[in-house]
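As structure tokens, the structure follows; a few thoughts come after it.
Remember, it's 1-based here, ligands and their atoms both numbered in the order they're listed.
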Amino acid sequence: MPVRPPLTLDSPVTALPGVGPDRASQLERLGIHFVSQLLLHRPRRYEDRKNLCKVRDLEKGMTTVVQGTIVACGLKTWSHKTKSVYEFILDDGSGRLHCRWWNLPFMEKYFKTGDSLLVYGKVLNLKPATIDHPETEFAENLDDAAIHLGRIVPIYPLTEGLGQRWLRALIFRTLASCKELVQEEFPQIVNPPSRASALELLHSPTTLDDPEKARQKLSFDEFVSLQFRIQARRKKLEEKAQALPCQGDNRLIKIFLQQLPYKLTDGQKTVLKEIRADLGGKVPMRRLLQGDVGSGKTVVAACASLMTIESGFNVAIMAPTEILAEQHFRNFHQWFNPLHVSVELRTSSRKVSTLFDQGQLRVTIGTHALLEDNVNLQNLGLVIIDEQHKFGVVQRDRFLGKGNYPHLMVMTATPIPRTLGLTLYGDLDVSRMEGMPGGRTPIRTFIRPAAKAIKVWEFVKEQVKKGRQAYVVYPRIEEDPRGLKSVKKETDLLRTRLAPYRVEALHGRMESFEKEAVMKEFGNGSINILVATSIIEVGVDISNATVMVIEDANLFGLAQLHQLRGRIGRGSEESYCIVLTRDGAAESTEKLKVFEKTLDGFQLAEEDMKLRGVGNLVGSDQSGLPDFKFGDFNKDGLLIEKARLLVRENLNLK
Ligand code: ADP
Ligand code: MG
């Protein structure tokens with residue numbers, strides 16, 4: 001016999017007794033390569049086999065485990081063997097339980113009279129007691145009885161060829177022999193129970209509450225690990241970077257605010273105070289500005305830019321779409337021209353600048369094109385990223401890399417739940433801009449079935465007649481094999497339906513100059529109705545547009561719907577968002593109901609996370625979020641805050 005090397009947690013699973021190449025490749029399919037991963041294989045549920053239910057005590061509708069012996073079994077087929085039911089009868093001394101499998105005739109091969117079994121499932125009927133399609137486990141082989149019976153037993157996710165009992169025994173024995181090797185991942189952060197006890201609670205709980213205790217510990221460790229990664233960035237910044245003094249002296253902002261046709265809201269003022277303090281601080285600003293759609297973030301960005309320019313530095317602003325970059329360019333140009341501050345636009349299709357002779361201090365506005373190597377941004381004091389959720393951390397870093405530790409402000413209207421914010425943006429300081437500019441009337445949202453479409457279009461015409469404008473949104477550009485409505489086809493139909501008003505299309509496959517022309521004409525009111533994809537989802541600001549119709553809305557997520565709706569309700573006129581539905585799938589109906597009754601973006605984000613999970617919310621490829629095995633953003637708010645706090649303390653971050 002060859003001598004086995006001593007087992008460690010980093011050993012491959014093949015180092016374990018009974019695990020050869022075949023077993024190893026099965027385990028691999030479950031993502032288990034090393035002993036440490038085996039110990040973290042999370043049971044999907046538990047069965048209390050200390051207190052097995054007797055057949056005599058079964059109640060209709062309960063989900064439970066019964067142990068007994070098969071006393072009869074057989075397969076019935078009909079309709080030329082296309083339909084079948086396999087059934088066995090289990091006797092546990094107190095009564096008989098019928099277990100049935102519909103249209104799975106091969107089940108017959110697995111069982112025979114005399115087999116001793118555990119079955120788990122929901123009691124369908126009582127006379128006779130019946131469970132359809134139960135999970136089953138053989139109860140023979142008394143060697144292992146202590147592992148599989150008489151305790152709270154974990155049920156693990158499996159893969160083809162891998163049996164429940166085999167895997168359970170493997171994990172049980174491995175934990176018993178490796179428990180001493182399990183150490184705290186972060187000994188500097190104390191949070192009982194120990195990891196070793198957590199694994200014990202996970203795989204061998206003594207009460208049904210134990211697994212949750214285990215989950216919380218293991219989840220906490222996951223969040224701590226992530227926070228160390230995030231906060232290390234912050235730490236490096238604080239140690240290395242010397243902030244450029246960019247707080248300004250008010251000389252431009254003063255004039256700017258005087259010429260602005262409105263007064264800043266309290267929310268805008270508060271945020272600007274925080275920004276000014278950051279721009280004059282020792283560490284470069286790293287700030288996230290969260291403010292709901294339409295709360296007026298652009299003008300805040302303009303003020304921050306002016307502070308920087310007053311201090312003698314340049315500003316760069318990146319937006320996710322050309323339409324939005326163009327819009328910012330128009331606004332900034334109009335605002336800064338009287339101040340003799342140059343503004344330039346750089347997208348892949350257009351470069352425009354309005355340079356003044358007396359100086360080259362400027363604001364550069366653009367899209368991703370700004371990230372290209374040949375774009376040289378000099379003397380950069382502040383970078384601003386609008387609609388941050390459309391960019392990833394990598395892009396953020398590249399943008400920052402255009403300067404020498406410039407200040408950073410990222411803006412987002414995608415309201416994200418607080419727990420997620422602390423994680424995704426854990427290295428940023430967060431300003432939440434409260435309140436909306438005054439004089440707005442809340443948007444009214446309606447869900448209407450396709451059958452009511454005619455009325456909806458009549459309504460749109462009425463509004464246009466009153467001088468308003470409308471958006472109509474479809475999920476697709478071209479016709480789609482699934483029959484989803486598309487911008488191209490519907491534009492033609494709507495031209496007839498909404499005549500004599502002018503209807504034009506806008507989508508991502510148009511040339512930049514075409515998009516720009518359409519936006520310009522919609523902006524000055526010569527287009528009445530804009531038919532678009534979700535390309536208009538971010539940033540577009542046209543206050544005379546007060547109607548939005550969204551078709552096939554089930555295809556959009558809640559956050560996206562909210563962003564779309566944010567395009568209207570920007571002026572003093574009453575605005576209407578109408579969702580035309582056709583399919584009645586429960587999940588999407590629930591989603592749309594939430595949308596109909598909730599105008600608050602943050603509340604919607606919480607609901608969205610519950611309905612769809614985190615991955616969908618942030619687009620996990622961009623977020624840099626790891627796959628949590630135990631962590632759960634819906635439940636773990638307190639754990640996340642605690643992990644962040646303790647890690648920051650540990651790194652001496654204030
Ligand atoms: P978002 O936060 O979604 O980027 P915008 O910056 O596009 O919002 O602003 C939405 C609209 O509100 C714009 O038309 C802007 O001119 C207007 N606005 C911004 N601040 C104020 C304010 N203090 N008072 C009145 N209107 C404002
Ligand atoms: Mg905006």
Side-chain angles (χ1 to χ4, degrees), residues 253 256-273 275 287-306 317-336 363 365-367 383-391 409-416 430-443 468-469 471 519 522-525 534-546 548 559-573 575 577 599-602 604-605:
I253 292 205
F256 172 67
L257 291 178
Q258 275 164 5
Q259 50 133 59
L260 209 60
Y262 44 76
K263 290 226 166 345
L264 295 184
T265 64
D266 289 344
Q268 287 167 324
K269 283 188 206 154
T270 309
V271 165
L272 277 169
K273 267 192 208 127
I275 293 173
R287 188 164 286 279
L288 168 71
L289 173 56
Q290 268 188 315
D292 212 340
V293 247
S295 60
K297 294 182 292 293
T298 319
V299 75
V300 171
C303 291
S305 305
L306 288 176
I317 303 177
M318 185 162 68
T321 62
E322 291 196 5
I323 293 174
L324 192 49
E326 293 270 355
Q327 177 180 292
H328 283 334
F329 176 67
R330 280 197 302 277
N331 279 328
F332 277 69
H333 177 56
Q334 190 202 335
W335 284 334
F336 289 4
V363 182
I365 297 172
T367 52
V383 306
I384 299 176
I385 301 180
D386 193 14
E387 306 293 351
Q388 150 74 24
H389 63 287
K390 294 277 168 183
F391 297 97
M409 173 159 84
V410 304
M411 308 197 291
T412 184
T414 299
I416 49 171
V430 179
S431 299
R432 193 151 148 175
M433 200 157 76
E434 306 288 347
M436 285 282 174
R440 304 249 175 105
T441 323
I443 302 169
R468 307 280 95 77
Q469 289 165 278
Y471 298 98
M519 278 318 287
F522 191 62
N524 68 26
S534 60
I535 189 172
I536 55 147
E537 169 195 344
V538 292
V540 173
D541 180 37
I542 289 162
S543 58
N544 190 48
T546 57
M548 167 157 292
Q560 212 178 5
L561 287 169
H562 181 64
Q563 290 274 350
L564 284 169
R565 180 169 60 186
R567 297 309 117 219
I568 56 172
R570 293 181 159 242
S572 51
E573 298 297 334
S575 290
C577 178
L599 276 178
D600 178 88
F602 287 95
L604 271 180

Which segment of D541 sits under 4.0 Å of ligand 1 when only heavy atoms are counted
side chain
How many angstroms lie between CE in M411 and CG in L289, if you round to the nearest 0.5 Å?
6.5 Å
Looking at R567, M436, R565, which one forms a side-chain contact (heavy atoms from CB on, under 4.5 Å) with V293?
R567
Here the atoms of ligand 1 under 4.0 Å from any heavy atom belonging to L264 are 23 (N)
Taking only heavy atoms of S295 into account, list the atoms of ligand 1 that are under 4.0 Å away from them.
2 (O), 8 (O)
I need the T298 OG1 to D386 CG distance, nearest 0.5 Å.
6.0 Å
Is there any N or O on G296 that sits under 3.5 Å from an N or O of ligand 1?
yes
What residues form a ring pair (Phe, Tyr, Trp, His ring centres under 6.0 Å) with F332, not counting sequence neighbours?
W335, F336
In ligand 1, which numbered atoms sit nearer than 4.0 Å to a non-hydrogen atom of V293?
3 (O)
Expected output: side-chain E573 to main-chain T546 donor-acceptor under 3.5 Å
no
Using distance alone, decide if ligand 1 has a nitrogen or oxygen within less than 3.5 Å of any nitrogen or oxygen in V299.
no
With a 4.0 Å cut-off on heavy atoms, is S543 in contact with ligand 1?
no
Only heavy atoms of T298, strictly under 4.0 Å: list the atoms of ligand 1 that pass.
4 (O), 5 (P), 6 (O), 7 (O)
Hey, what do you get for OG1 (T412) to CD (E387), rounding to the nearest 0.5 Å?
6.0 Å
If we number the atoms of ligand 1 from 1 as shown, the ones under 4.0 Å from a heavy atom of T265 are 23 (N)
Heavy-atom contacts with K263 under 4.0 Å: which atoms of ligand 1 show up? List them by number with element.
22 (C), 23 (N), 24 (N)
In chain order, what residues pass the side-chain hydrogen bond (donor to acceptor under 3.5 Å, both in side chains) check against S431, with sequence neighbours excluded?
E274, R287
